[in-house]
Amino acid sequence: MTPPEITASLSAADPSVRLRAALAAGSAADPDLLDALVERCGDEPDFFVRDMLSWALTRLPAATVLPRLDVELGSPRPRARAQALHTLSKIADPATADRVSPALLRDPDDEVARTAWRTAVVLVAAGGRAALAAELGRQLGRGDRAVRLSLSRALADLGEAADGVLDRAAADPDPVVATHARATLLLRADPDAGFDDAVQQARRLVALGPGHEVAPC
């Protein structure tokens, strides 16, 4: 496919056509396709196509891609922000960690926030893990099951850097926050445990009150 054909196909009604176009764009690695790929990221409804678009962007020079992602990170469109974050995670350059700003970590759109949490954990340097854990800990208790699971995974992936944050949150007077923190500690202690089981156990511990801490990892 030529670059004009790829650009046209990225907007086709059939998602399989868009997927093939994104694959062709990645294979071509043509910098002239940068704008078309970035613009499509903000509009694409299909998860698999979006993932292929991000892969195609990683095939281009990061020096040209990152400034365009910076624009998308400030977009009023949640999907554009989320996909820019996802692409940052695929580029996986620790030097870009500061691009995952506190505002994005606290984004009011749950999908943007979840993507920001995952991306931040991928990019953060060892020296920044404690600060990231503190930032994420402020959102314990947020959202529905999917949101809480994403936050628990992010905090668990930060390892020991998150332990103090979780220990303090486990004693929070808000039972929703305390339950979420204790469930995350349980997942840290037993990564194979199911999230729903951890939440149920955490609720029992919160109901029992102080003195029923989660065993350390």
Side-chain angles (χ1 to χ4, degrees), residues 1-124 136 139 142-154 157:
M1 297 175 71
T2 65
E5 289 172 335
I6 291 172
T7 299
S9 295
L10 287 173
S11 299
D14 186 341
S16 65
V17 174
R18 301 197 303 273
L19 185 65
R20 287 195 296 272
L23 176 60
S27 298
D30 186 339
D32 289 341
L33 292 169
L34 173 61
D35 288 339
L37 290 168
V38 172
E39 289 167 9
R40 186 64 207 172
C41 280
D43 293 327
E44 178 54 54
D46 186 276
F47 169 81
F48 296 103
V49 179
R50 289 199 305 271
D51 204 42
M52 190 66 75
L53 289 167
S54 283
W55 170 76
L57 285 168
T58 68
R59 300 270 294 154
L60 300 176
T64 63
V65 174
L66 290 173
R68 288 292 283 109
L69 294 183
D70 287 341
V71 175
E72 297 302 289
L73 290 173
S75 171
R77 297 180 298 166
R79 184 170 288 161
R81 299 196 300 277
Q83 198 60 24
L85 287 162
H86 180 64
T87 304
L88 279 179
S89 76
K90 295 299 184 183
I91 294 173
D93 181 356
T96 66
D98 288 347
R99 284 175 160 87
V100 189
S101 66
L104 289 166
L105 292 169
R106 304 169 195 162
D107 200 285
D109 185 276
D110 286 340
E111 283 306 308
V112 176
R114 292 172 68 193
T115 309
W117 302 337
R118 291 193 297 268
T119 302
V121 170
V122 168
L123 299 177
V124 69
L136 297 184
Q139 299 193 70
R142 170 178 173 170
D144 61 13
R145 178 189 181 280
V147 173
R148 295 181 191 183
L149 175 56
S150 290
L151 186 57
S152 288
R153 284 174 171 165
D157 285 344

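Side-chain atoms are counted along with the backbone in the values below, which use heavy atoms only and exclude waters and symmetry mates.
- Between the CZ atom in Arg79 and the OG1 atom in Thr115 there is a gap of 11.5 Å [rounded to 0.5 Å].
- In this structure, the side chains of Ser27 and Leu23 come closer than 4.5 Å at one or more pairs of heavy atoms.
- Residues Asp30 and Pro3 share a closest heavy-atom pair of OD2-CG, 3.4 Å.
- Between the side chain of Glu44 and the backbone N or O of Pro15 there is no donor-acceptor pair closer than 3.5 Å.
- For Thr96 (side chain) and Asp93 (main-chain N/O), a donor-acceptor pair under 3.5 Å exists by modelled atom type.
- Distance check, rounded to the nearest 0.5 Å: CZ of Arg142 to CZ of Arg114 gives 10.5 Å.
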- Check against side chain to side chain contact (heavy atoms under 4.5 Å, CB included), Asp98 and Leu123: CA-CA 9 Å; Asp98 288 347; Leu123 299 177; over 6 Å; no

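- Checking side-chain atoms of Trp117 against main-chain N and O of Leu136 turns up no donor-acceptor pair under 3.5 Å.
- The shortest side-chain heavy-atom distance between Leu66 and Ile91 falls under the 4.5 Å cut-off.
- For Asp157 and Arg118, the salt-bridge test fails: no basic side-chain N is under 4.0 Å from an acidic carboxylate O.
- The CG atom of Asp107 lies 9.5 Å from the CD atom of Gln139; values are rounded to the nearest 0.5 Å.
- A distance-only check finds no donor-acceptor pair linking the side chain of Glu72 to the backbone of Leu69 [under 3.5 Å].
- Here the OG atom belonging to Ser75 is positioned 12.0 Å from the CD atom belonging to Gln83, to the nearest 0.5 angstrom.
- Under a 3.5 Å cut-off, the side chain of Ser54 and the backbone N or O of Asp51 do not form any donor-acceptor pair.
- Counting non-hydrogen atoms of other residues, nucleotides and ligands closer than 6.0 Å to CZ of Arg153 gives a total of 12 or fewer.
- Two residues are said to be in side-chain contact when any heavy atoms from C-beta on lie closer than 4.5 Å; Leu19 and Asp46 fail this criterion.
- A donor-acceptor pair under 3.5 Å is formed between the side chain of Arg50 and the backbone N or O of Pro45.
- Glu111 has its side chain out of reach of Arg81: every pair of non-hydrogen atoms, C-beta onward, lies at least 4.5 Å apart.
- Atom-to-atom distance recorded for Thr58:OG1 and Leu53:CG is 11.0 Å, nearest 0.5 angstrom.
- Scanning both residues, Leu60 and Ala29, for their nearest heavy atoms gives CD2-C, 3.5 Å.
- In terms of modelled atom types and a separation under 3.5 Å, the side chain of Ser9 and the main chain of Val17 share no donor-acceptor contact.
- Salt bridge Arg77/Asp43: present, at least one basic N to carboxylate O contact under 4.0 Å.
- Formation of a donor-acceptor pair under 3.5 Å by the Arg40 side chain with backbone atoms of Leu10 is found in this model.
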- Go through the steps to decide whether Leu57 and Leu34 satisfy the test side chain to side chain contact (heavy atoms under 4.5 Å, CB included), and finish with yes or no. CA-CA 7 Å; Leu57 285 168; Leu34 173 61; 3.7 Å; yes

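- Rounding to the nearest 0.5 Å gives a distance of 5.0 Å between OG1 of Thr119 and CG of Leu85.
- Judged by distance alone, with hydrogens and angles left aside, the side-chain atoms of Arg148 form a donor-acceptor pair with the main-chain N or O of Gly143 at under 3.5 Å.
- Heavy atoms only, all atoms of each residue included: Ile6 and Ala21 are closest at CG2-O, 3.5 Å.
- At distances below 3.5 Å, at least one donor-acceptor pair connects side-chain atoms of Arg18 with backbone N or O atoms of Ala13.
- With a 4.5 Å cut-off on side-chain heavy atoms, Arg68 and Asp35 count as touching.
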